[in-house]
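Proteins get letters first, then strands, A, B, ... in listed order; numbering begins at 1 in each.
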Amino acid sequence: MMKYLKMITLIVSTVLMGLLNPMAFAAFEINMPQGVTAISQEIYQLHMIIFWVCVAVGLIVFSVMFWSIFFHRKSRGYKPAPFHENTLIEIIWTGLPFLILAAMAIPSTKTLLAIYNTDDADLDIKITGYQWKWRYDYLEEDISFFSHLTTSPQEIYGLREKGKNYLLEVNEPLVVPIGKKIRFLVTAADVIHSWWVPDFALKKDAIPGFINEAWTRIDTPGVYRGQCAELCGKDHGFMPIVVEAKTLEDYQKWLLVKQEKAQELKKLNALNRTEEELMQKGEEVYREHCATCHENNGKGSSIYPSLVKATMTDQLDCITDHMHSVTYGVPGTAMAAFGEQLNPADLAAVITYERNAWGNNTKQFIQAKDIVLFKETGKYQNQELLGTCKGVIKK
Amino acid sequence: MSEHHNPPKGLMRWVLTTNHKDIGSMYLWLSLIMFFVGGFMAMIIRAELFEPGLQIVDPNFYNQMITMHGLIMIFGAVMPAFTGLANWMLPLMIGAPDMALPRMNNWSFWILPFAFIMLSSTLFMEGGSPNFGWTAYAPLSTTYAPNSTTFFIFAIHMMGISSIMGAINIIATILNLRAPGMTLMKMPMFAWTWLITAYLLLAVMPVLAGVVTMLLMDIHFGTSFFNAGGGGDPVLYQHVFWFFGHPEVYIVILPSFGIISTILPAFSRKPLFGYTSMVYALGSIAFLSFIVWAHHMFTVGMPLVGELFFMYATMVISVPTGVKIFNWVATMFRGSLTFEAPMLFSIAFVVLFTIGGFSGLMLAIAPADFQYHDTYFVVAHFHYVFVPGSVFAIFAATYYWLPKWTGNMYDESLAKVHFWFTFIGMNLTFFPMHFLGLAGMPRRIPDYNLQFADFNLIASVGGFLFGATQLVFLFLIIKCIKTGKPASESPWEGAEGLEWTVPSPAPYHTFSTPPDIK
């Protein structure tokens with residue numbers, strides 16, 4: 001028996017030594033980040049204080065215990081003492097922890113009060129959690145965008161080497177100024193999510209139908225990463241948060257660029273494109289957003305249906321169903337909702353493309369304003385067609 | 001004993017039995033089976049997390065695994081094990097001939113296998129099993145849930161009915177069937193802990209039944225309890241769930257306190273230190289467990305005053321818990337210690353449960369919880385409480401009473417192997433999770449950034465070691481049933497209690513006439 005035990009111990013310890021060698025150890029992060037806000041540093045302090053209190057109590061309790069384990073053994077011939085109660089000591093070890101806890105409660109309460117004080121914010125940003133991306137609305141600035149994971153499936157499935165920011169990289173980060181009190185209004189559109197950036201010590205649940213408030217004031221410029229912290233379905237592990245904190249000057253430059261883009265979007269929505277322009281833009285959007293599943297030739301693969309000569313894409317009366325699928329997705333399938341991710345001009349172009357490429361021949365050319373109208377009324381050019389297309393969308 | 005007192009033969013003995021020992025054994029076997037089923041799921045989880053990237057399961061199946069692992073371990077492994085121990089040992093410890101309500105006892109056991117078959121069958125249904133975590137937060141568990149959720153709700157109802165009947169039976173037994181002269185304050189500590197646990201069960205299992213019924217209504221009958229769009233509130237679900245959930249945490253730990261308070265004195269050859277204060281501490285913990293539920297929800301956006309109240313109340317719980325730990329250490333202090341398997345698991349319980357208690361105290365600090373909440377720090381915390389707290393105590397109890405159950409001594413050196421590998425495996429699995437959580441890894445994710453790779457690798461190696469070691473435990477039990485040195489009436493030198501006054505193995509009927517308590 002002992003021989004086997006020794007052998008197994010040897011193997012286990014060799015494996016452990018290999019794992020714990022100093023080279024590997026460099027990558028081991030073992031403590032909470034101190035973060036880049038006053039609150040995060042206060043929380044770090046609280047964490048360390050309560051940690052050392054626990055260590056001190058643990059040391060006392062475990063020393064007494066291991067003293068008994070080593071010295072009060074029957075094998076050493078130790079005779080048991082008969083005592084089994086002592087009121088004084090019971091009072092002491094009930095009272096003393098109370099005092100320690102009371103002392104702990106004071107700084108904790110102070111920090112909590114500060115965390116809850118969301119008054120006098122310099123700017124407000126609304127955060128909305130979606131399955132599985134974040135939407136940021138700058139309430140004072142007419143700016144709004146979605147932020148979703150950009151790590152490639154090839155990295156996730158091990159076909160390509162994983163980068164440094166694996167699973168923590170997005171298409172567009174939240175950009176904020178340093179030194180300003182930023183108030184976040186946190187909510188969700190479907191299930192509960194939780195917005196968490198460890199460096200700000202800020203975690204707030206995003207609850208559909210309710211708005212939570214939180215705030216931060218960042219000290220140093222930089223890129224800070226976090227993740228959704230509340231189980232929100234299949235891709236809960238794949239909805240990161242990236243915040244870019246800039247100096248006020250850089251932030252304002254960024255604002256200008258964003259606002260110009262917003263103006264352009266307004267123009268785009270009013271734009272009437274020619275058939276060639278629609279097809280050209282449509283192909284571009286299709287290749288970026290649709291081809292990963294439906295393939296460049298539109299034929300799809302495995303679970304992804306072909307769009308070539310398909311009822312939905314090639315029948316005239318299916319146009320609203322087609323717009324509906326692209327805008328709102330098809331529940332229960334892999335088809336995502338693109339209505340919030342793409343602007344109306346791009347949606348119009350890509351739907352036009354799908355209806356007139358690869359031999360599809362509807363000659364229906366859709367403009368951005370048709371999409372805007374469809375989103376408002378559910379109709380295409382005031383024709384109620386949704387559901388007339390048989391056997392494609394079950395309603 | 002006359003002939004007709006012997007058990008009938010064959011399957012019908014087990015189906016129709018009203019004997020507390022038979023029912024206790026069935027509970028314990030069911031618990032062991034569910035422990036392996038839930039453990040197998042944990043192995044799948046650890047295999048997926050072995051390295052970054054998605055290798056073995058897809059994210060949706062991963063979510064099903066974490067959900068079913070939690071449900072099966074809590075409701076299938078730990079709770080039935082404690083009820084099984086109560087069935088076997090309570091009548092023997094208080095000098096009663098059987099449980100007070102033997103026919104109901106049969107029914108409360110036999111509901112359970114069907115509940116777990118139904119729960120497990122969801123894995124093979126279209127759309128898969130529940131995938132929203134064992135906490136089943138709405139609306140992920142209503143609007144966005146797979147169809148099998150209805151079966152999950154029904155299974156929970158059946159487990160709840162079983163637990164409530166078990167609890168009624170235990171209360172009736174302890175309050176009515178104690179041997180003459182055994183006053184409440186002379187009762188074995190295991191009876192005290194179970195009495196209080198049974199009241200907790202009676203109080204909160206109906207709350208769980210209520211809240212899952214509200215889920216059912218939201219799914220099938222168009223109500224909007226948890227749907228803001230219809231005037232409801234998703235956070236209401238969490239409040240009601242945790243009003244059940246927090247006392248539930250104590251339901252799966254208090255019987256352990258009783259086991260440890262029995263075993264430590266036996267192998268220290270010294271009476272339990274501070275019996276009276278232990279009872280009061282139990283009562284305080286049980287009371288406090290009802291007013292701390294929202295510490296599971298510090299980040300949902302409660303008002304400041306609510307946040308403060310739940311922080312203070314939670315911190316206070318560490319006082320009576322501390323008293324228990326101090327009393328156990330004082331029990332060992334200046335005893336005459338030996339280290340058989342029950343004692344080893346009990347000592348490991350005290351050390352590791354204390355560590356779990358410390359991380360619990362850290363989590364109580366609401367501002368710090370904004371960082372800890374829903375990270376691997378929490379996973380580390382509750383596994384340090386559940387695994388050494390409940391599972392180690394069940395191991396300790398099994399080794400302690402196996403001679404009484406089987407009439408044979410178990411293989412002590414193999415049991416020590418089981419202990420050491422379990423101890424090492426457990427710490428290797430769960431200790432690194434503290435670091436992962438602090439460094440920023442959220443819980444319930446199937447894949448992670450490279451910075452978390454090293455500790456996850458260690459945790460997975462530890463997990464496999466822990467899992468494989470449990471096969472040794474199964475082997476040990478079967479070996480002990482089949483062969484082994486015959487056990488005397490009272491095989492442990494320092495053990496006290498009425499169960500050691502009957503022969504080993506305990507005859508089918510015991511204490512038909514009550515013993516005398518001096």
Side-chain angles (χ1 to χ4, degrees), chain A residues 1 19 24 27-32 43 46-47 50 54 58 61 64-65 68 72-74 78-81 84-85 90 93-94 97-98 101 105 108-109 111-112 115-116 156-158 162 166-168 191-192 194 198 201 203-205 207-210 212 227 229-231 233-237, chain B residues 52-54 59-60 133 137 139-140 144 228-229 234-235 269-271 273-274 277 299-301 304 307-308 311-312 315 318-319 322-323 325-326 329 332-338 354 358 361-362 365-368 370-371 373-374 413 435 438-440 442 444-447 449-451 454 458:
Chain A
M1 194 75 251
L19 291 173
F28 284 41
E29 184 55 65
I30 61 164
N31 205 354
M32 185 189 284
I43 287 179
L46 279 175
H47 158 72
I50 189 77
C54 290
V61 173
V64 176
M65 192 170 166
S68 299
H72 304 156
R73 286 169 174 257
K74 195 187 175 205
Y78 198 86
K79 294 275 173 290
H84 61 89
E85 60 189 349
E90 296 277 2
W93 68 39
T94 311
F98 247 119
L101 290 177
S108 308
T109 305
T111 306
L112 205 57
I115 291 173
Y116 265 73
I156 294 171
Y157 288 100
K162 296 172 175 50
Y166 176 68
L167 298 185
L168 298 177
V191 300
I192 301 177
S194 189
K203 184 184 286 144
K204 208 66 169 176
D205 289 0
I207 299 165
F210 291 82
N212 272 328
Q227 282 177 269
E230 181 65 60
L231 179 61
K234 175 171 74 74
D235 286 345
H236 163 56
Chain B
L54 291 176
N60 190 37
Y137 277 10
L140 192 61
Y144 296 82
V235 180
R269 292 162 183 77
K270 191 165 154 284
F273 188 86
S277 72
T299 62
V300 297
L304 177 62
E307 202 97 345
L308 286 172
M311 173 169 80
Y312 299 150
M315 289 165 81
S318 63
V319 174
V323 167
I325 288 163
F326 300 145
V329 173
M332 289 167 67
F333 189 67
R334 296 185 57 202
S336 175
L337 277 57
T338 52
T354 304
F358 285 147
L361 181 57
M362 295 171 78
I365 309 293
F370 284 103
Q371 289 284 48
H373 179 78
D374 263 335
S413 48
F435 304 140
L438 292 174
R444 294 167 163 172
I445 58 175
D447 194 6
N449 184 259
L450 303 181
Q451 62 170 313
D454 299 319
I458 296 176

Contacting moiety of [X], where chain B heavy atoms sit under 4.5 Å:
X	value
A:Tyr157	both
A:Ile115	side chain
A:Phe98	both
A:Lys79	backbone

So which of [options] has the largest heavy-atom pair count under 4.5 angstrom toward chain B?
options	result
A:Ser194, A:Ala105, A:Gly158, A:Ala81	A:Ala81
A:Asp235, A:Thr109, A:Val61	A:Thr109
A:Cys54, A:Gly237, A:Ser68	A:Cys54
A:Ile207, A:Leu112, A:Thr111, A:Ile43	A:Leu112

Of the backbone (N, CA, C, O) and the side chain (C-beta and beyond), which part of [X] lies under 4.5 Å from a heavy atom of chain A, both, or neither?
X	answer
B:Pro446	side chain
B:Tyr144	side chain
B:Tyr312	side chain

Gap separating the [atom1] atom of [X] from the [atom2] atom of [Y], nearest 0.5 angstrom:
X	Y	atom1	atom2	answer
B:Leu337	A:Lys74	CG	NZ	11.5 Å
B:Asp447	A:Leu167	CG	CG	4.5 Å
A:Ile156	B:Leu54	CD1	CG	6.0 Å
B:Ile365	A:His47	CD1	NE2	11.5 Å

Set of side-chain contact (heavy atoms from CB on, under 4.5 Å) partners for B:Asp374, sequence neighbours left out | A:Ala229, A:Glu230, B:Arg443
Could you list the residues that satisfy salt bridge (charged side-chain N to carboxylate O under 4.0 Å, His left out) with B:Arg444, not counting sequence neighbours?
-> none
Check for a donor-acceptor pair, side chain of [X] on one end and backbone N or O of [Y] on the other, with a separation under 3.5 Å.
X	Y	value
A:Asn212	B:Val300	yes
A:Lys234	B:Pro59	no
A:Lys203	B:His373	yes
B:Ser336	A:Tyr78	yes
B:Gln371	A:Pro198	yes

Do the rings of B:Phe333 and A:His72 sit parallel, tilted or perpendicular, given the 30° and 60° boundaries?
-> perpendicular
Would you indicate whether the side-chain heavy atoms of A:Ser108 and B:Leu308 approach each other to under 4.5 Å?
-> no
For the candidates B:Ile445, B:Val329, B:Leu140, which exhibits the highest count of non-hydrogen atom pairs separated by less than 4.5 Å from chain A?
-> B:Leu140
